[in-house]
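For ligands, and for the atoms within them, numbers begin at 1 and follow the listed sequence. For this chain, numbers begin at 1 and follow the sequence in order. As the structure is a computational prediction, the values presented were derived from the model and not from experiment.
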Amino acid sequence: MTTVGILGGGQLARMLALAGLPLGLKFLVLDPSAESCAGQCAPLQVGGFDDEAALAEFASKVDVVTFDFENVPASSAQWLAERVPVYPNPRALGVAQDRLSEKTLFRELGIPVPAFATIDSREDLDVALVEIGTPCILKTRRFGYDGKGQFRIKSPADAQAAWDALGAQASTVGLILEGFVAFDREVSVVAVRGRDGEFKAFPLTQNWHVDGVLSASLAPAQASPAVQAQAIDYARRVAEAIDYVGVFALELFCQGETLLANEMAPRVHNSGHWTIEGAEVSQFEAHLRAVLGLPLGALAMRGHACMLNWLGEMPDADGVLSQPGGHWHDYGKSPRAGRKVGHATLRADTPQALSSVVAAAGEALSRQAQVQPVVAVLSGV
Ligand code: AMP
């Protein structure tokens with residue numbers, strides 16, 4: 001029996017384990033917290049990602065290693081890779097951990113990106129503010145996620161406040177200033193590349209964020225075939241350039257027919273959760289197939305799907321379970337403000353049918369504001 005080791009024990013590891021059991025796989029999850037929600041579905045080893053003894057024990061028990069969490073120290077990923085196959089490879093992980101290196105790679109590959117500049121000092125910020133202009137966003141280069149480690153600068157007068165908020169991190173995780181993109185839509189490509197280089201992508205997903213955190217996704221995105229093809233081609237270029245193996249997401253801003261790359265996530269991604277019920281092979285199964293060198297199969301969609309994220313605490317499940325095509329995912333986490341505790345997927349055969357079940361679920365859960373942008377797009381189809 002093959003044992004897949006997963007670094008990080010959050011909901012992504014949990015859903016990987018749930019997808020892998022029918023394939024006859026065993027799992028071992030390494031996480032510093034004994035409360036990790038993946039531990040409810042798979043054996044959990046409690047240990048630090050930088051603890052060599054813990055890593056050695058973990059490596060001795062698994063056949064292949066992958067990630068639920070991209071901020072595992074690159075040195076730990078490298079240490080493991082010298083002992084056991086690690087996918088994605090540590091170099092790919094390293095590129096995706098740093099907003100500067102990923103944006104530099106995108107640009108080298110001919111993929112448009114927002115204007116950006118490295119910020120090492122307060123003076124750099126003043127220079128970059130003139131170059132890039134406002135509005136713009138100051139972000140930490142590393143360890144930022146879900147809108148954390150970001151400060152929006154509306155006018156040059158906000159520069160000091162931005163520096164007060166993040167300046168201390170310039171010498172630790174590094175900072176980057178990015179031009180603010182007045183996008184029409186945000187989309188993501190969730191794609192997979194096999195060990196043999198075979199590449200496949202799910203249909204483009206449209207995403208809505210609130211305070212930098214994903215709130216809702218719709219697949220397929222309402223985008224022209226040219227935009228779909230362009231986005232998927234960008235994802236392929238990135239994957240090939242870093243010899244990526246497994247599932248990853250490329251997040252893009254869409255302005256008319258132009259796409260600008262925001263970032264890549266070197267793992268299964270929240271904007272791909274709809275694939276569990278909405279695609280022939282889910283992103284979780286696709287990732288496992290890729291890292292194990294199994295055939296990837298077809299990623300074809302089943303109709304249309306909408307995913308709604310639950311943050312803080314779980315709403316009442318009945319509002320979704322009572323809808324045709326309504327599916328519920330409770331990650332088994334204790335409630336905490338802003339925490340991703342679960343999601344729902346609504347699936348239907350047509351955009352019209354999806355629009356009515358999404359609206360009905362929003363009504364039943366008093367989440368009208370969350371579903372409104374999805375319903376608006378679907379009713380325009
Ligand atoms: P990130 O952590 O970089 O994915 O940012 C989280 C969210 O903040 C994105 O999904 C966007 O909604 C918004 N955002 C981040 N960077 C930019 C940007 N340069 N221009 C406009 N919106 C942005």
Side-chain angles (χ1 to χ4, degrees), residues 10 12 69-71 95-107 111-119 125 128-129 131-155 158-159 162 165-166 169 173-190 204-219 221 223 231 234-235 238 248-256 258-273 307-309 311 338-340 343 369-370 372-374 377:
L12 302 179
F69 176 66
E70 69 261 47
N71 288 320
V95 169
Q97 279 176 345
D98 182 346
R99 291 185 190 275
L100 179 67
S101 50
E102 67 186 354
K103 285 213 164 56
T104 306
L105 173 71
F106 298 157
R107 207 164 50 183
I111 302 170
V113 288
F116 67 90
T118 322
I119 306 295
L125 179 60
L129 274 172
E131 229 170 71
I132 292 175
T134 51
C136 54
I137 309 189
L138 185 63
K139 298 181 179 180
T140 54
R141 275 171 55 180
R142 305 164 71 84
F143 300 113
Y145 65 99
D146 286 346
K148 293 186 179 66
Q150 300 192 6
F151 193 101
R152 293 192 183 200
I153 301 178
K154 295 193 188 70
S155 77
D158 296 337
L166 297 176
Q169 297 185 60
V173 294
L175 299 176
I176 184 171
L177 188 73
E178 290 179 18
F180 188 85
V181 180
F183 53 79
D184 309 324
R185 284 169 289 158
E186 288 190 79
V187 295
S188 57
V189 185
V190 177
L204 204 58
T205 302
Q206 182 167 355
N207 303 308
W208 289 267
H209 294 82
V210 175
D211 296 331
V213 185
L214 188 67
S215 168
S217 293
L218 172 67
Y234 288 163
V238 173
F248 67 100
L250 179 64
E251 295 184 52
L252 301 146
F253 300 128
C254 203
Q255 273 184 312
T258 303
L259 290 165
L260 298 167
N262 175 27
E263 63 174 346
M264 84 170 285
R267 51 172 167 75
V268 287
H269 191 249
N270 199 165
S271 70
H273 289 359
M307 191 274 326
L308 300 169
N309 252 359
L311 302 178
R339 192 178 204 195
K340 289 181 177 171
H343 76 267
Q370 188 175 2
Q372 187 278 330
V374 181
V377 167

Original post:
Which atoms of ligand 1 have any heavy atom of Lys139 under 4.0 Å away?
Top reply: 3 (O), 15 (C), 16 (N)
**OP:** Do me a favour and list the nearest non-hydrogen protein atom to atom 6 (C) of ligand 1 with residue, atom name and distance?
**Re:** Gly212 O, 3.6 Å
**OP:** If you have a sec, work out which protein heavy atom is nearest atom 2 (O) of ligand 1 and how many Å separate them, to one decimal?
**Re:** Gln150 NE2, 2.9 Å
**OP:** Scan Glu178, Glu263, Glu251 and name whichever one has a salt bridge (Lys or Arg N to Asp or Glu O under 4.0 Å) with Lys103.
**Re:** Glu178
**OP:** Would you give the length of the straight line joining atom CD of Gln255 to atom CG of Asp184, rounded to the nearest 0.5 angstrom?
**Re:** 6.5 Å
Original post:
What atoms of ligand 1 come within less than 4.0 Å of a heavy atom belonging to Ile137?
Top reply: 14 (N), 15 (C), 16 (N), 17 (C), 18 (C), 23 (C)
Subject >> Close approach, Gly179 and ligand 1, non-hydrogen under 4.0 angstrom >> reply: yes
Original post:
Heavy-atom distance under 4.5 Å between the side chains of Phe180 and Ile132, does that happen here?
Top reply: no
Original post:
How does Asn207 reach ligand 1, if at all, at less than 4.0 Å between non-hydrogen atoms: by side chain, backbone, both, or neither?
Top reply: neither
Subject >> Atom indices of ligand 1, in the order listed, that fall short of 4.0 Å to a heavy atom of Asn262 >> reply: 1 (P), 3 (O), 4 (O)
Subject >> No-hydrogen, no-angle side-chain donor-acceptor test under 3.5 Å, Ser215 and Asn309 >> reply: no
Original post:
In terms of residue, atom name and distance, what is the protein heavy atom nearest to atom 4 (O) of ligand 1?
Top reply: Glu263 OE2, 2.7 Å
**OP:** Nearest 0.5 Å please: distance from the CD atom of Glu131 over to the CZ atom of Phe116.
**Re:** 11.0 Å
Subject >> Over all atoms of both residues, closest heavy-atom pair of Leu129 and Cys136 >> reply: CD2-SG, 3.5 Å
Subject >> Candidates Thr205, Val190, Val187 - the one meeting side-chain contact (heavy atoms from CB on, under 4.5 Å) with Ser217 >> reply: Thr205
Subject >> Glu186 neighbourhood, listing ligand 1 atoms whose heavy-atom distance to it stays under 4.0 Å >> reply: 9 (C), 10 (O), 11 (C), 12 (O)
Original post:
Which ligand 1 atoms, with their elements, are less than 4.0 angstrom from a heavy-atom of Arg152?
Top reply: 8 (O), 13 (C)
Subject >> Sub-4.0 Å heavy-atom approach of Arg99 to ligand 1 >> reply: yes
Original post:
Against heavy atoms of Val181, which atoms of ligand 1 measure under 4.0 Å?
Top reply: 18 (C), 20 (N), 21 (C)
Original post:
Can you tell if the side chain of Asp98 reaches within under 4.5 Å of the side chain of Arg142, non-hydrogen atoms only?
Top reply: yes
